[in-house]
Engineer: 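So that we are looking at the same thing, I have put the structure below in structure tokens.
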Protein chains: 2
Amino acid sequence: MPDHHTLEETERAMKDHVGNLPLDFAAANALSNLFRAANAVRSELTNRVLRKHDMTWTGFVVLWVVWIWDGMETRHVAESADISKATLTGVVRTLEGRGMIAREGDEKDRRLVRLRLTSEGTELMERIYPEFNAVESEIISQLAERRVSTLTKTLRDVVNAAEGQNSP
Amino acid sequence: MPDHHTLEETERAMKDHVGNLPLDFAAANALSNLFRAANAVRSELTNRVLRKHDMTWTGFVVLWVVWIWDGMETRHVAESADISKATLTGVVRTLEGRGMIAREGDEKDRRLVRLRLTSEGTELMERIYPEFNAVESEIISQLAERRVSTLTKTLRDVVNAAEGQNSP
DNA sequence: GGATTATCGTACGGATCCGAACGATCCGGC
DNA sequence: GCCGGATCGTTCGGATCCGTACGATAATCC
């Protein structure tokens, strides 16, 4: 990763452009690192684990959610996978076409659609997930245990802060 | 945000599916929170700041990079914005169509394309970025100052860990 | 019990998003 | 000089990704 601009260079360049407006550089920096970290981890997991199984990130996440919560209704799957209902429709179409997932109407409430893994989908997850988690573990293991738990807690607070609810 | 499954419930359900394989729940949890936090912050900034200016997340990031580093070559812009060259091509096409950005060939090396903001693009950034940073600040301000600097450092280490380089 | 209201999943349009392949250009050795 | 190899930005195909609008179905009100 060559040729990066230094943090100081960037701040100086920003000040040249924004003038004397008071900016919160610490906040900008923390969130910049947040996105970089998420992208880096996602890329690494995609390249080292998912690609060889011809699986996309979102496809894997959806499969994982349905694996753990068999028969879950689509809107809850979307919420758990952190994607919109519209996106889920397309992803499920792809996974259904590959025979990994099945859609199933609800008897009582005919608006609902429940999702289940096929046996092929289940086998895939039983093979992939341990591998996936091993790479997760490898990445996180480079942090001291105490820092991991601090990170986890702080990130949860960031979620709450961003969603505008100051939890009690 | 109703109807969430508890962390304990999820772990129990996972154990039911993965059997006796040894999983690193702490790592899975930390990274799950990482993606949730990134998505939540991105959504909040998009909804509260960018949408009213008809600007996408990636479009804004690219515009910001070019604003700070005027005349930067496209591959460096892509790297700074954390997107692929192919994606940048499409985003620049959109921004160019709206008169925000201009492409400019390099005299010396005719393979290169340099990017600059138009005056309209510059005005937009001068108007949007302070607003954007204010919301960033509002989110981060809900964390104690010490936690912010710890978070920033830890996230940088996560980036290095994911990219496979244990920096000295 | 009929009309209004709310909620469900989906179709649609448009904007990312990326890996792979590609032509254009530059650079290296010779 | 020149030619094989490296590097540049773009194109292409296919998969997300989302807000909005919609038809179908439930729940509510009176």
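Only a predicted model underlies this, so the values are computations on that prediction, with no experimental measurement involved. Chain letters run A, B, ... following the sequence lines, proteins first and then strands; every chain starts at 1. All heavy atoms count here, side chains included; hydrogens, waters and symmetry mates do not.
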Engineer: Between A:Thr89 and A:Arg51, who's closer to the 5' end of DNA chain C by nearest nucleotide?
Structural biologist: A:Thr89
Engineer: Using every non-hydrogen atom in the two residues, find where A:Leu155 and B:Leu151 come nearest and quote the distance to one decimal.
Structural biologist: CD2-CD1, 4.1 Å
Engineer: Has B:Arg93 got a side-chain N or O lying under 4.0 Å from the OP1 or OP2 atom of D:dT11?
Structural biologist: yes
Engineer: Roughly, in whole Å, what's the span from CG in B:Asn47 to C1' in D:dC18?
Structural biologist: 10 Å
Engineer: Using a strict 4.0 Å threshold on nitrogen-to-oxygen distance, state whether A:Glu131 and A:Lys52 make a salt bridge.
Structural biologist: yes
Engineer: A:Leu7 and B:Tyr129: same hydrophobic cluster, using ILVMFWY side-chain contacts below 4.5 Å?
Structural biologist: no
Engineer: Round to a whole Å and report the spacing from NZ of B:Lys85 to P of C:dC22.
Structural biologist: 15 Å
Engineer: When you compare the side chains of A:Asn133 and B:Asp24, does any donor N or O come within less than 3.5 Å of an acceptor on the partner?
Structural biologist: no
Engineer: Specify the separation, in whole Å, of atom CZ of B:Arg75 and atom C1' of C:dA24.
Structural biologist: 15 Å
Engineer: Please pick, from D:dT11, C:dG9, C:dT16, the nucleotide with the shortest atom-to-atom distance to any side-chain atom of B:Ala86.
Structural biologist: D:dT11
Engineer: Whole Å only: how far is the CE atom of B:Met100 from the C1' atom of C:dA15?
Structural biologist: 15 Å
Engineer: May I ask you to say what A:Arg42 touches in the nucleic acid, namely base, sugar-phosphate or nothing, with a heavy-atom cut-off under 4.0 Å?
Structural biologist: sugar-phosphate
Engineer: Let me know, please, whether B:Leu88 or A:Arg98 comes out on the 5' side of the other along DNA chain D by nearest nucleotide.
Structural biologist: B:Leu88
Engineer: A:Met55 CE to D:dG14 P: how many Å, rounded?
Structural biologist: 18 Å
Engineer: Do A:Thr46 and A:Arg51 have side-chain N/O donor and acceptor atoms under 3.5 Å apart?
Structural biologist: no
Engineer: Using only side-chain N and O atoms of A:Thr74, determine if any of them is under 4.0 Å from OP1 or OP2 of C:dC8.
Structural biologist: no
Engineer: Tell me the interatomic distance from A:Leu50, atom CG, to D:dT16, atom C1', rounded to whole angstroms.
Structural biologist: 14 Å
Engineer: What is the distance, rounded to the nearest whole Å, between atom CG of A:Leu95 and atom C1' of D:dA15?
Structural biologist: 11 Å
Engineer: In whole angstrom, give the distance that lies between atom CH2 of A:Trp57 and atom P of C:dG19.
Structural biologist: 15 Å
Engineer: Shortest non-hydrogen contact from B:Gly59 to B:Leu95?
Structural biologist: O-CD1, 3.8 Å
Engineer: How far apart are the closest heavy atoms of B:Trp57 and B:Leu50, and which atoms are they?
Structural biologist: CA-CD1, 3.8 Å
Engineer: Stem list for DNA chain C, please, built from Watson-Crick and G-U wobble pairs under 3.5 Å and keeping only runs of at least 3.
Structural biologist: C:1-26 with D:5-30
Engineer: Let me see the working for B:Thr122 and B:Ser119 under side chain to side chain donor-acceptor pair (under 3.5 Å), right down to the final yes or no.
Structural biologist: CA-CA 5 Å; B:Thr122 303; B:Ser119 58; over 6 Å; no
Engineer: Taking 4.0 Å as the cut-off, does a side-chain nitrogen or oxygen of B:Thr94 come that near to OP1 or OP2 on C:dT16?
Structural biologist: yes
Engineer: Who passes ring pair (Phe, Tyr, Trp, His ring centres under 6.0 Å) against A:His53, sequence neighbours left out?
Structural biologist: none
Engineer: Please list each protein N or O that sits under 3.5 Å from an N or O in nucleotides 24-29 of chain D, with the distance.
Structural biologist:
from	atom 1	to	atom 2	distance (Å)
D:dA26	OP1	A:Lys108	O	3.4
D:dA26	OP1	A:Arg110	N	2.8
D:dA26	O4'	A:Arg111	NE	3.4
D:dA26	O4'	A:Arg111	NH1	3.4
D:dA26	O4'	A:Arg111	NH2	3.3

Engineer: Could you check which of D:dT11, C:dC8, D:dT16 has an atom nearest any side-chain atom of A:Thr56?
Structural biologist: D:dT16
Engineer: Do any side-chain nitrogens or oxygens of B:Thr87 fall under 4.0 Å of OP1 or OP2 in C:dT16?
Structural biologist: no
Engineer: If we ignore angles and hydrogens, is there a donor and acceptor under 3.5 Å between the side chains of B:Ser149 and B:Thr152?
Structural biologist: no
